[in-house]
Amino acid sequence: MCGRFYVDDEMADELEKLCRSIDRKLAQAGDIHPSEPALVLHADRSEELCASSYIWGYQNPKSSQLIFNARAESINEKPMFRRDFSERRCIVPARGFYEWNPSKIKYRFTNRSGGILLLAGIYTNEEQPRFSIITTSADETVKSVHDRMPLVIPEQEIGTWVHDAKSAVEMLRTNHCRLEKQAAEDAEYVQEKLLL
């Protein structure tokens, strides 16, 4: 599961190399929680990569809890996600993400190479679009803390992820990023709720 990620001020410079334009007001630094707006990269009408601010978490038709993760293994089977995965894939840029182990110890995961993490996501076709982060089985670095982690897209595969639905299905089966784990300084624990 991915229930919190964070962005920093330096990310806007890195993202400007990937997109035609970045509104720096959209790329605010800090921790991002479900229900909050965050910067996502997606294809615009001309199929160019652009950045927009979307709300993190799909509305749950059965309760007031948000659905902020979609499992890679079942995304094509769930009616809530199937069409968005086919037509509206996005990238959620992050400097890192957090997970808590069963003892409620908080860990920060970042890109071992020092670059930003490009988390796979999908988004809705609504007046105020919402997004969900796609998760997969944890790799060796994350497994000792949690059994799920975000699906990370390599920078050179952004265009393929966003534009090519057939290749995106194959990309659900791989996670290419090597992560670094650090104990987080603040020990705040918040249990995010996930249905589905």
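Scope of the values below: all heavy atoms of this structure, side chains included, with no hydrogens, waters or symmetry mates.
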Non-neighbouring partners of Ser167 that pass side-chain contact (heavy atoms from CB on, under 4.5 Å), sequence neighbours left out: Thr160, Asp164
Glu14 (side chain) donor-acceptor with Met11 (main chain) under 3.5 angstrom: no
Non-hydrogen atoms of Asn69 and Cys2 that approach each other most closely: OD1-N, 2.8 Å
Distance-minimising heavy-atom pair for Pro34 and Leu66: C-CD1, 4.1 Å
Heavy-atom pair of closest approach, residues Cys90 and His42: CB-CB, 4.2 Å
Rounded distance (nearest 0.5 Å) linking atom CD1 of Ile67 with atom OG of Ser132: 8.0 Å
Enclosure of Glu155 CD (heavy-atom neighbours >12, cutoff 6.0 Å): no
Closest contact, heavy atoms only, Asp84 versus Asn125: OD1-N, 4.5 Å
side-chain contact (heavy atoms from CB on, under 4.5 Å) between Cys50 and Leu41, intermediate numbers included: CA-CA 6 Å; Cys50 65; Leu41 309 181; over 6 Å; no
Close side-chain approach of Ile105 and Trp100, heavy atoms under 4.5 Å: no
Donor-acceptor pair, side chain of Asp44 and main chain of Glu48, under 3.5 angstrom: yes
Leu117: side-chain contact (heavy atoms from CB on, under 4.5 Å) partners, not counting sequence neighbours: Phe97, Asn111, Leu119, Val152, Cys177, Leu179
Non-hydrogen atoms of Asp8 and Arg95 that approach each other most closely: OD2-NE, 2.7 Å
Distance in Å, Gln59 CD paired with Glu126 CD, rounded so as to fall on 0.5 Å steps: 7.5 Å
Residue pair Ile91 / Leu18, side-chain heavy-atom distance below 4.5 Å: no
Side-chain touch Met171/Ile153, heavy atoms, less than 4.5 angstrom: yes
Test item: Asp31 and Tyr98 side chains (from C-beta on) under 4.5 Å apart, heavy atoms: yes
Centroid-centroid distance, Tyr54 to Tyr123, less than 6.0 Å: yes
Heavy-atom check, side chain of Tyr6 versus side chain of Thr110, under 4.5 Å: yes
Flag if over 12 foreign heavy atoms under 6.0 Å of CZ, Arg178: no
Any side-chain heavy-atom pair of Val7 and Leu39 under 4.5 Å: no
Shared hydrophobic cluster for Phe131 and Ile55 (ILVMFWY, side-chain gaps under 4.5 Å): no
Non-hydrogen side-chain atoms of Phe85 and Leu172 separated by less than 4.5 Å: yes
Distance in Å, Trp56 CH2 paired with Arg4 CZ, rounded so as to fall on 0.5 Å steps: 8.5 Å
Residues Lys181 and Ser144: side-chain donor-acceptor under 3.5 angstrom: yes
CZ (Arg82) with more than 12 external heavy atoms under 6.0 Å: yes
Pair Thr135, Arg148: side-chain N/O donor-acceptor within cut-off below 3.5 Å: yes
Test item: Phe109 and Val145 side chains (from C-beta on) under 4.5 Å apart, heavy atoms: yes
Qualifying residues under side chain to side chain donor-acceptor pair (under 3.5 Å), relative to Glu127, sequence neighbours excluded: none
Sidechain N-carboxylate O distance under 4.0 Å for Glu170, Arg173: yes
Check: Gln65 main-chain N/O paired with Ser63 side-chain donor or acceptor under 3.5 Å: yes
Ring centre gap for Phe68 and Tyr58 strictly below 6.0 Å: no
Arg83 side chain vs Met80 backbone, donor-acceptor pair below 3.5 Å: no
Intermediate values then yes/no, side-chain contact (heavy atoms from CB on, under 4.5 Å), Ile122 and Ile75: CA-CA 10 Å; Ile122 54 174; Ile75 198 166; 3.9 Å; yes
Heavy-atom donor-acceptor pair, Arg130 side chain to Gly57 backbone, under 3.5 Å: yes
Residue pair Phe5 / Pro93: nearest heavy atoms and the distance that separates them: CE1-O, 4.1 Å
Spacing of Met149 atom CE and Ile134 atom CD1 [to the nearest 0.5 Å]: 13.0 Å
